[in-house]
Amino acid sequence: MLQIRNLTKIYDGGLKALDNVSFDVPDGQFLAVIGLSGSGKSTLLRCINRLIEPTDGQILWNGEDITAASQEEMRRIRRKIGMVFQHFNLVHRSKVITNVLAGRLGYINPAWSLLNRFPKEDIDKAIKQLQRVGIAEKAYQRADELSGGQQQRVGIARALMQDPQIMLADEPVASLDPVLAHSIMSHLEDINKNDGVTVLCSLHFLDLVHRYADRVVALNEGKLVFEGLPKDIDDAKFKEIYGRDAERVG
Amino acid sequence: MNKNNKKASPWNSIKVGLLTLVTLVVFAYGFQVTKVNLEELRSERRQESFVRVMRALARPEIFEYDQVEEIVNYPFYTPCPTDASILSPMDSDSSEPYIVVTPACAEPGEVVQVEGFNFAPNTTGPVRFVPGSDLANVVTLGRALAKTDINGNFAISMEIPKRPSEDVQYIRVILRRNIGTPHFTKTAYETWDKIIETVFLALLATVLGTILAIPLSFIAARNLMKTVKSPLTSIALSTLGWPIGMVIGFLAIRWVGNFSFSIGSNVGVNLASIVIAPLLAQFGLRWAMPQVEINNPSQSMRIARLGVILLSVLLGFYAFFQLASLAMSAGNVLRVSLGSFGFLGFFLFQMGDIIAILTPTMGALAAGGTLSSFLGRLGQTSSEKLPAPAIKTLNLILTPAAVAIVFVLVGQLLQWLYQFDTPLYTLWMPLVFGAGLGLLLAIMTKPKESLPIGLVVYSITRTLLNALRSVEALVMAIVFVIAVGIGPFAGTLALGLHTIVSLAKLYSEQVESILSGPLEAIQATGANRLQTIVYAVVPQIVPPYISYTMYRWDINVRMSTIIGFVGGGGIGFLLQQNINLLNYPAASAQMIAIAIVVSLMDYVSSVMREKVV
Ligand SMILES: Nc1ncnc2c1ncn2[C@@H]1O[C@H](COP(=O)(O)OP(=O)(O)O)[C@@H](O)[C@H]1O
Ligand SMILES: [Mg+2]
């Protein structure tokens, strides 16, 4: 169970990106986070693994307060939280397999990993994850030789290497062709349904939300404006989330 | 006039006029201080010496022949003596070379005919007047040049210089001829020696500079340092860790060194140590640092591991000393037995010596870094776990100690540099002042607040880099020549230092321009700071680092050719010497060598650039 309690983030410039946000995510749920761009979705997801330090509030995971964890504890917590990004964030000049193996960095001894040495089991595991997302044959190519859809699958394989219990996905399909979106989303669905990983996924398109999400939270200017089932987003709610001028297309 | 145009106003015109005036004055002054003087260029004297220098330069002293000389001295009176009987012609019936001067005596300034017979055919050489009656006189006069025909005879006319004397004087003919095949001159050998020195000077400076610039460039990159924040306890403890660790490390490694030395330089022991010690060390490290650690180890296990790690590291250093000892004894043997390849032995010996000298320093740095980061981590954890009042108390003790130590070290450095010999200023004042400042800092900061120590370190590093970068390498060389004496070592240090600071700046700008996405992604996996650098930063900066290193290599080759001008070793020393001695043919050889080396190195680096980047 992941519990967000009165989470607030004020950036250095004084901008309030998250305003007293609270909600719970039960284990194994596929939660969609929606909202206009600039509403605070990325900030929210990054607060959970503390890539961004929250200004106020708490994030409890199975009772442990992530916001109070020490650096050493944070390493242990982060390795159980996988993350995929809108722009994939692969290391371009490294091989695909190296990118995937990087998912193990939280587990292996830093001294050895600096010499680029990974245990045999980890290498086997990396190949297996690449097989799972269907691009094992690209393992020894450079990451930037891959297409966008393939890069995102490498991103997913990297996150899977962490044996995650939570998967954060920050608009994972926003920079991909719509036809590729379903392929990526179904990988996330597979991880959620078959591995029991809790997924928090920010999304742009409502049709994807309807198709994949168990539950939805919506942000508007950093405030939580909706929390419930996807089918409960009626026209009034829609206007509240996306603003009065928005038109429903999906 | 268009409305948009500026209105013509007297003020504007005056401004234009003033500007022109100022420009003229500036140019005039510039001409004066740079001594632009076309008249000087046109003067005959200048042109003559210019032509002379150019001709000398066009004849570099690279090849020469062995020469044989035929020298004939002809006793000659000027003016003609009153007693004509002493005018005895040379015996002309021998097969030896001889000359005949007609008339046999002459007034000063008169022109005489000089004929030579029985010389070697087709040779040339000067015909000169030797003033004074001393044949050994090195000062000779005249510019006449004799050239024999195929029979070995010549005939020229020469003017008798105005050196009247009662005594006999001489007319001397020296005809030279080349024998055998051409061979390199002494200048060529010297130049070759120095050019090798030059290239290695550049190479060493580049390698040294690059190695040290890489870690510096990370510290001087804003985007990496911005996120480094630590509570005061951690900062104070890691500051204390550096000097304490360095002292401990230095003593420990020196002890290992003495131990290694006491074993002696038995080759068998050396070899065995070099093989066994690292193996043991690696074995120990592998045991103490398992690749994957799922559960936290127990306290006693941690202590056992720490012990094993320490032991392994000492073993590693022991192996280093043994390696040095082996290299030195092997080098000594090879230097004698390898003959003309003895320099390999010499090199080996020097390498061993360098290892032996550098090892304690490396140990000190390693121990300092380790203790500092360990104590820093300890400080981090304690300020996360302990209650605020306890941390406040700790800070009140640790911060004054840390700042005081830093101040005292600076004071001691100044003492060492300037020898004030007043401990009040170099020891007690810094101590008290530092402690006071630390106390103030500890009182003012909230106990658990994270301070932006990264930005502080970044700013200090950047400032130092910028300050040092603005000092020309030649100026640095002058300083190092004073510090370590004339020679290539000074040049290497100067070029190396300049390479460090300029590369660190260029590198750090590359670090600042990397994509932040991969950085974020690697951090999210739970990687620590060092892992993040190795996996997210390094792959992004390899190509620009390589190309900047090449660029620096080019610069260093050029610089190393002239650093000898200030005593920094390399070919520049010879070149300057020959220019000062007006020995232009030799200088020309060196200039040609420089041109060849610079263009060759340029070519090599462009080929490598193509291959690598
Ligand atoms: N590093 C930052 N510094 C200052 N403001 C930021 C920073 N990152 C995001 N913001 C601002 O915070 C708000 C929320 O941004 P974000 O969380 O990226 O929204 P979303 O992901 O929903 O598009 C935006 O107004 C954005 O401009
Ligand atoms: Mg976003």
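Chain A is the first sequence line, chain B the second, and so forth, proteins listed ahead of strands; every chain is numbered from 1.
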Less than 4.5 Å to any heavy atom of chain A: does that hold for the side chain of B/Ile522, its backbone, both, or neither?
side chain
Just by modelled atom types, is the A/Arg78 backbone N or O under 3.5 Å from a matching donor or acceptor in the A/Asn49 side chain?
no
Output the residues of residues 58-74 of chain A for which the shortest heavy-atom distance to chain B is under 4.5 Å, in residue-number order; output 'none' if no such residue exists.
A/Ser70, A/Gln71, A/Glu72, A/Glu73
Taking side chain as everything from C-beta outward and backbone as N, CA, C, O, which of these in A/Leu114 sits under 4.5 Å from a heavy atom of chain B? Side chain, backbone, both or neither.
both
Against chain B, work out which of A/Gly155, A/Gly82, A/Gly106, A/Ser94 has the most heavy-atom pairs shorter than 4.5 Å and name it.
A/Gly106
Quick one: do A/Leu36 and A/Leu219 satisfy side chain to side chain contact (heavy atoms under 4.5 Å, CB included)? Show the steps, please.
CA-CA 8 Å; A/Leu36 286 172; A/Leu219 294 175; over 6 Å; no
Of A/Gln86, A/Glu171, A/Lys41, the one forming a side-chain hydrogen bond (donor to acceptor under 3.5 Å, both in side chains) with A/His204 is A/Glu171
Pair A/Asp195 + A/Arg132: basic N to acidic O under 4.0 Å:
yes
Checking B/Leu375 against B/Leu378 for the side chain to side chain contact (heavy atoms under 4.5 Å, CB included) test, could you report, in this order, the C-alpha distance in whole Å, the side-chain angles of both residues, the deciding distance, and whether it holds?
CA-CA 5 Å; B/Leu375 287 182; B/Leu378 193 72; 4.2 Å; yes
Can you check whether anything in residues 157-168 of chain A gets within less than 4.5 Å of chain B, heavy-atom wise, and list it by number?
A/Arg158, A/Gln162
Looking at A/Met83, A/His92, A/Arg117, which makes the most heavy-atom pairs under 4.5 Å with chain B?
A/Arg117
Side chain / backbone / both / neither for B/Gln380 at chain A, heavy atoms under 4.5 Å:
side chain
Walk me through it: do B/Ile214 and B/Phe218 pass the test side chain to side chain contact (heavy atoms under 4.5 Å, CB included)?
CA-CA 7 Å; B/Ile214 289 173; B/Phe218 294 128; 3.9 Å; yes
So which residue, B/Ala524, B/Pro539, B/Ala527, ends up with the most heavy-atom pairs under 4.5 Å with chain A?
B/Ala524
Could you tell me whether the side chain of A/Gln129 and the main chain of A/Ala126 form a donor-acceptor pair under 3.5 Å?
no
Would you check, one step at a time, whether the test salt bridge (Lys or Arg N to Asp or Glu O under 4.0 Å) holds for A/Asp124 with A/Lys120?
CA-CA 6 Å; A/Asp124 293 342; A/Lys120 178 87 176 59; 3.0 Å; yes
Is there a side-chain contact between B/Ser217 and B/Leu503, using heavy atoms and a 4.5 Å cut-off?
no
Does any N or O in the side chain of B/Arg462 come within less than 3.5 Å of the main-chain N or O of B/Ala220, such that one atom is a donor and the other an acceptor?
yes
With side chains defined as the heavy atoms from C-beta onward, is the minimum distance between A/Leu105 and A/Phe118 less than 4.5 Å?
yes
Let me see the working for B/Leu232 and B/Thr399 under side chain to side chain contact (heavy atoms under 4.5 Å, CB included), right down to the final yes or no.
CA-CA 8 Å; B/Leu232 191 56; B/Thr399 319; 3.6 Å; yes
